Student: 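Sharing a structure, written as structure tokens. Questions coming.
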Amino acid sequence: MRYAIIGSSAAGISAVEAIRSKDKKSDITVISDEKKPLYSRCLISYLLAGTIDKDKIWIRPDDFFKKNKAEAILGVRAEKIDLKNREVYLKNKEKVKFNKLLIATGSSPKIDDVPGNDKKGVFPLRTLAHAVQIQAALDKVKSVAVLGGGLIGLRAAYALRSRGKDVSIFVRSPQILSQIIDEESAGIMQRHIEKKGIKIFTGRYAREIKGKLSVEGLALDNGSDVDCQLVVVGKGVSPNIEIAKEAGLETNWGIVVDSSLRAGSKDVFAAGDVVEGHDIALEENTINAIWPVACEQGRIAGLNMSGEDQVYDGTLAMNSIEFFGLSVISIGITKPKKAIYKEIVKKDLSNNKYKKIVLRDDVIVGAIFVNAIENIGVIGALIKNKVNVKDIKDIALENYFDYGRIIKIIKDSKDGFREKEFRETILTL
Amino acid sequence: MKKIYCDIKKCLGCGSCEIACAVEHSRSKALYMAIKEDKLPIKRRKAQFINKSVAISTGCHHCEDAPCVAACMSAAMYKDKKTGQTMHDVDKCVGCWMCVMSCPFGALTRERQEKVIVKCDLCPDRDMPACVEACHTGALFFGVLKEFKENSCDTR
């Protein structure tokens, strides 16, 4: 048996470990276009902020591939998949043969088509190389403009503010974090960040990045100009589906997979940011390009590649954000647009506290907790298992709400809460 | 693996497990001194009420497919391959709270000054975890599942 894995971040690494837990002998080849891939993408903004040293970004030891008896082809891009002959063509003209293939090609930063984005001093923030490049460019920089108020944009802004730079964020939407949380919680976070010295301009975007060779400023949509010497573009990511699409696999926004994480072929799997799969809360296909999903999918794809028969229940959007001591966690649907959804909100704005759950027919489908994030995982379990919460919905946002309050629901649930750890807690109830 | 189980029939929700846990994880390991330490020790166990008169003491369940391990973006949370325990390397923790987000039991606690997580470590310096030893009613049990079932589940 020969396994090939394209990609060596969260999904690829998890898959190697899962395969090796079941199959000690077969050949595994991992292909990555990065020379040193075993770092956490989520940590690069921490590195840029100076919160952690470079030696802390590695999530597996240097000898990871050797220890797992995997061949690593690093710094080489996989260019084509030949499904008929079961080969991956590499940029260096070599080929990798496979019996089972995992596509974990991840995603790339969306390119902002603003004129002037080719100037020196314009960066995305996705890879370790980006963080190192930004760091190297910082010396002569006084002011930074961040384009985009999503997670990456805010993380970049936070990092560069921590480095003492004058930072302004330009957000096209009327609110920050518009893909993740609702307007009210975003407002709490925005005011908090602004108090710490980051300027945020919502409903504003750059018409042009100005300068000769290097960035000198922005021309904004309202006609005003802004001085800056560095621009970070944080406009989200798009999945790297090209290689799968050209091979004839089903792609839409991402690579379409079934509940075994197969991509339309018995021996081809996909995992991580590149996957478009069933979303438990939305009940439709979507991409949730987040770290926990990539690890879980990598693990399950790896197990299934090695002959197991594991079912992946689907993804759930979830994000945890903390800036300057204010933490926000969101899960599932947070900005419902249809009338079938009901919301329960509890807030204490003078203490920056805000909690909301979103329900559909007495089933929780989403939650936002601001500055009081304890036990949101319990709500997450209710979302994942789609149970009726009629009996507890009125106390779900209380401070005393915890796992104890859902034990009866677990006991009464027939097909949910399958993990044995849940069952163990109700043995004596 | 050996874990801590709670017999709901016996648990009063008295909180003795919480105090014992906090003291065990203090610098002095003695209650009268622990409460005077600069940084108050943090409990990893919680006595939780199912309703007014029924309670359960919970903490980390050391899940086999631990969601906190999958969610941890800095590889601070990991499974010990030999013991099956869910371990936490405080030096790698960056306080992103992704584990808080993903733990269905609410078993992870934030240490907000240091920006790290604290969790049940099954008291590595002891034969019997402090919470189990402190439980006055015998509700808490340290052992393998089979023993717990024989001890608690068949007697009702």
Side-chain angles (χ1 to χ4, degrees), chain A residues 10 13-14 21 40-43 46 51-52 56-60 290-300 318-322 325 327 329-331 369 373-382 384-385 400-408 417 419-422 424-429, chain B residues 3 5-11 13 46-51 54-58 60-76 78 81 91-92 94-110 112 115 139 141 145 148-149 151-153 155-156:
Chain A
I13 292 172
S14 303
S21 73
S40 170
R41 287 198 200 292
C42 305
L43 288 180
Y46 289 73
T51 317
I52 57 166
K56 268 206 181 180
I57 65 165
W58 311 106
I59 49 170
R60 293 296 181 277
I290 54 172
W291 188 265
V293 166
C295 291
E296 188 65 359
Q297 288 185 342
R299 186 177 70 83
I300 290 181
M318 48 172 84
N319 284 285
S320 171
I321 307 152
E322 179 171 301
S327 46
I329 291 180
S330 67
I331 305 179
F369 281 24
I373 58 171
E374 270 65 37
N375 289 309
I376 191 165
V378 178
I379 302 283
L382 296 171
K384 247 186 207 154
N385 290 283
Y400 61 81
F401 180 80
D402 53 30
Y403 182 74
R405 303 286 168 169
I406 73 162
I407 279 192
K408 283 232 168 74
F417 301 98
E419 291 84 350
K420 66 177 183 166
E421 287 81 10
F422 289 122
E424 286 167 9
T425 60
I426 55 165
L427 284 170
T428 54
L429 184 66
Chain B
K3 297 204 291 193
Y5 296 94
C6 178
D7 184 344
I8 295 171
K9 296 192 303 304
K10 292 182 185 162
C11 180
K46 286 164 202 156
Q48 306 184 334
F49 283 87
I50 296 168
N51 59 41
V54 185
I56 180 172
S57 163
T58 70
C60 174
H61 290 261
H62 299 276
C63 303
E64 198 168 276
D65 296 328
C68 58
V69 173
C72 181
M73 62 183 210
S74 64
Y78 64 99
K81 283 194 182 114
D91 290 336
K92 285 190 174 164
V94 295
C96 69
W97 320 133
M98 302 260 277
C99 52
V100 175
M101 171 178 85
S102 61
C103 176
F105 301 104
L108 301 156
T109 308
R110 291 183 291 161
R112 296 188 66 177
K115 266 202 94 180
F141 179 90
L145 180 62
F148 174 64
K149 280 183 173 169
N151 254 293
S152 306
C153 303
T155 54
R156 49 175 153 166

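Keep in mind the model is a prediction, meaning the values are calculated, not measured. Letters A, B, ... are given to chains in the order of the sequence lines, protein chains preceding strands, and every chain is numbered from 1.
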Student: Apply side chain to side chain contact (heavy atoms under 4.5 Å, CB included) to A/S330 and B/M101, showing your working.
Tutor: CA-CA 8 Å; A/S330 67; B/M101 171 178 85; over 6 Å; no

Student: Chain A heavy atoms under 4.5 Å from B/F105: which part of the residue, side chain, backbone, both or neither?
Tutor: both

Student: B/K10: which residues meet the side chain to side chain donor-acceptor pair (under 3.5 Å) condition with it, sequence neighbours left out?
Tutor: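 Side chain to side chain donor-acceptor pair (under 3.5 Å) check on B/K10 returns nothing, list empty.
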
Student: Do A/K420 and B/L145 have side chains that get closer than 4.5 Å, going by heavy atoms?
Tutor: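 Heavy-atom side-chain distance check fails, nothing below 4.5 Å.
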
Student: Which residue out of A/D402, A/N375, A/I407 racks up the most heavy-atom pairs below 4.5 Å with chain B?
Tutor: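 Maximum pair count with chain B is reached by A/D402.
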
Student: Could you check A/K56 against B/D91 for salt bridge (Lys or Arg N to Asp or Glu O under 4.0 Å), going step by step and ending with a plain yes or no?
Tutor: CA-CA 9 Å; A/K56 268 206 181 180; B/D91 290 336; 5.9 Å; no

Student: Do you know which of B/K149, B/K3, B/H61 makes side chain to side chain donor-acceptor pair (under 3.5 Å) with A/E424?
Tutor: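 Considering B/K149, B/K3, B/H61, a side chain to side chain donor-acceptor pair (under 3.5 Å) with A/E424 is found only for B/K3.
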
Student: So do A/E322 and B/K115 actually touch side chain to side chain, heavy atoms under 4.5 Å?
Tutor: yes

Student: Could you have a look at A/I52, A/I59, A/L382, A/I321 and say which one has the most heavy-atom pairs with chain B under 4.5 angstrom?
Tutor: A/I59

Student: Let me know if B/S74 has heavy atoms under 4.5 Å from chain A in its side chain, its backbone, both or neither.
Tutor: both

Student: So which part of B/C96 gets closer than 4.5 Å to some heavy atom of chain A, the side chain, the backbone, both or neither?
Tutor: both

Student: Answer with side chain, backbone, both or neither: which region of B/C103 has an atom nearer than 4.5 Å to a non-hydrogen atom of chain A?
Tutor: backbone

